[in-house]
Amino acid sequence: MNENSNNSQGHPDYKELLKRHPKNPILSPEDWPYPVNSVFNPGAIRLRDSELILLLARAEDRTGISHLCSAISVDGVSNWKIDTSPTLFPDRDRRPEELWGIEDPRISWIPELDRYAVTYTSFSGGGPGVSLALTSDFKTFDHYGMILSPEDKDAALFPKLFGGHWAIIHRPVPASGSAHIWISFSPDLRHWGSHQILLPARHGAWWDARKIGLSTPPIETSEGWLILYHGVRVTASGSLYRVGLALLDLENPVQVIYRSSEWIFGPFSPWERIGDVGDVVFPTGFVVGDDGDTLQIYYGAADTKICMATASINELLSWLKQNNYLGTT
Ligand code: BMA
């Protein structure tokens, strides 16, 4: 495989907005200090005190149950210092909602609380729901338990209050019908209400028909909250996970300003196409570079490895304006 085939996807006229890092996959199960089957879908954050990049990876062992493990690096690509034991392990006794593991964390730095908020999927006996934990050091955690009941996942907190309320994006799955992206509000991070659909799944043959979900936490830009979201296309050979964009109003995030008509990133490299669950790219974390424009986007590849792609916020915004379609049919 040559360099180009790692980096470009499809017809050359498609603009390559997310550029795969040449060192992908940047983290694999064999890099782990203890036995794991797969490492994927990591939360990401630049640590306040040290500027180091921390990933909180989902790690699955051979029981099939996932836990979270942190990895820290200066450049966010190489020389990872990985915790030698699980950072956050499902605790069946104290947190029964974590019976079958904890998955897919998203991390937001919350200046108001002076702590990081980690939202993750708790796989309970009643199905997967959204849990919240706060931390200042990724060593000890203040657990809020399951804040959104099953079936619900793909959640991230906005880093600030809107009119005195916290806001969370999440993806409940109704017993029948399509799975849309929702937004909800809370005065205290524990009690959530004012639920409403934020981005509905599209219909028919659209790339984001029937089931969509938030990818990384919302990215604050001068023009609004930039949202990366995944669309799941069900094909004869399984599900295909791809990524598109939306922009929400800065002051009133229930207002969707733009939504991309096309997906911008999909499974292409061998490790994205082949793994425990093939044809999945699943971004869950980002950090912004010193220039305030360059994003490092972290994603799970085929539910087995961790990869990174870079993008320019300005490029994403200008492309989104030109490829906007708010409709669903
Ligand atoms: C979703 C989540 C993700 C996973 C994806 C593809 O429902 O469970 O953790 O990466 O499916 O298998």
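Just so it is clear, the values below take in all heavy atoms, side chains as well, and ignore hydrogens, waters and symmetry mates. Along the sequence shown, residues are numbered consecutively beginning with 1.
- No side-chain heavy atom of Asp154 sits less than 4.5 Å from a side-chain heavy atom of Ile212.
- Ring-plane geometry between His11 and Tyr14 is classed as perpendicular, the angle between the planes exceeding 60 degrees on a 0 to 90 degree scale with a lower cut at 30.
- Shown here for Ala311 and Leu18, the closest heavy-atom pair between the two residues is CB-CD1, 4.0 Å.
- Judged by distance alone, the side chains of Ser186 and His191 never bring a donor and an acceptor atom under 3.5 Å apart.
- In this structure, the side chain of Thr119 engages the main chain of Ala155 through a donor-acceptor pair within 3.5 Å.
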Go through it in stages, so that I can follow the logic: the residues are Asp137 and Thr135, the test is side-chain hydrogen bond (donor to acceptor under 3.5 Å, both in side chains), and I'd like the CA-CA distance, side-chain angles, deciding distance and then a yes or no. CA-CA 6 Å; Asp137 55 8; Thr135 184; 3.2 Å; yes
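- Side-chain contact, Asp75 with Ser73: a donor N or O sits under 3.5 Å from an acceptor N or O.
- Ring centers of His170 and Phe185: at least 6.0 Å apart, outside the cut-off.
- A donor-acceptor pair under 3.5 Å is formed between the side chain of Thr235 and the backbone N or O of Ser237.
- When ring centroids are compared, Trp32 and Phe40 stay outside the 6.0 Å threshold.
- In summary, the side chains of Ser312 and Asp293 do present a donor paired with an acceptor at a separation below 3.5 Å, with no hydrogens or angles considered.
- The 12-atom threshold is not exceeded at CZ of Arg210, counting heavy atoms of other residues, nucleotides or ligands nearer than 6.0 Å.
- One N or O on the side chain of Asp152 and one on the backbone of Arg171 form a donor-acceptor pair closer than 3.5 Å.
- Residues Cys69 and Pro86 fail the side-chain proximity criterion, which asks for heavy atoms closer than 4.5 Å.
- Salt bridge Arg242/Asp208: absent, no basic N to carboxylate O contact under 4.0 Å.
- For the pair Ile227 and Val256, the minimum side-chain heavy-atom distance is 4.5 Å or more.
- Ser66 and Arg58 form a side-chain donor-acceptor contact under 3.5 Å, judged by distance and modelled atom types alone.
- Between Glu272 and Lys305 there is no salt bridge, since no side-chain nitrogen of the basic residue lies less than 4.0 Å from a carboxylate oxygen of the acidic one.
- Between the Glu98 side chain and the Asp91 main chain, a donor and an acceptor come within less than 3.5 Å of each other.
- Side-chain atoms of Ser194 do not come within 3.5 Å of backbone N or O of Ser184 as any donor-acceptor pair.
- Here Asp142 pairs with Arg115 in a salt bridge; the nearest charged N to carboxylate O distance falls below 4.0 Å.
- A ring-centre distance under 6.0 Å is found for Phe138 and Tyr116.
- A donor-acceptor distance shorter than 3.5 angstrom exists from the side chain of Thr221 to the backbone of Gly224, with no hydrogens or angles considered.
- A donor-acceptor contact shorter than 3.5 Å is absent between the side chain of Tyr229 and the backbone of Ile181.
- The two residues Ser261 and Trp207 have their closest heavy-atom pair at O-NE1, 2.9 Å.
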Please walk me through it: do Ser108 and Arg106 pass side-chain contact (heavy atoms from CB on, under 4.5 Å)? CA-CA 7 Å; Ser108 312; Arg106 272 75 164 188; 5.8 Å; no
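- By the 30° and 60° cut-offs, the orientation of the rings of Tyr241 relative to His230 is tilted.
- Taking the six-membered ring for Trp and the full ring otherwise, Trp225 and Phe158 have centroids separated by under 6.0 Å.
- Judged purely by atom type and a 3.5 angstrom limit, Arg202 uses its side chain to pair as donor or acceptor with the backbone of Gly327.
- No side-chain heavy atom of Pro25 sits less than 4.5 Å from a side-chain heavy atom of Leu27.
- Side-chain atoms of Lys19 come within 3.5 Å of backbone N or O of Glu16 as a donor-acceptor pair.
- Listed for the Thr87 side chain is a donor-acceptor partner under 3.5 Å among the backbone atoms of Ser70.
- Taking a 6.0 Å sphere around CG of Asn79, one finds it holds 12 or fewer heavy atoms contributed by other residues, nucleotides or ligands.
- Between Leu148 and Ile168, some side-chain heavy-atom pair lies under the 4.5 Å cut-off.
- Donor-acceptor pairing under 3.5 Å is recorded for the side chains of Asn41 and Asp104.
- No hydrogens or angles considered: nothing links the side chains of Tyr258 and Asn323 as a donor-acceptor pair under 3.5 Å.
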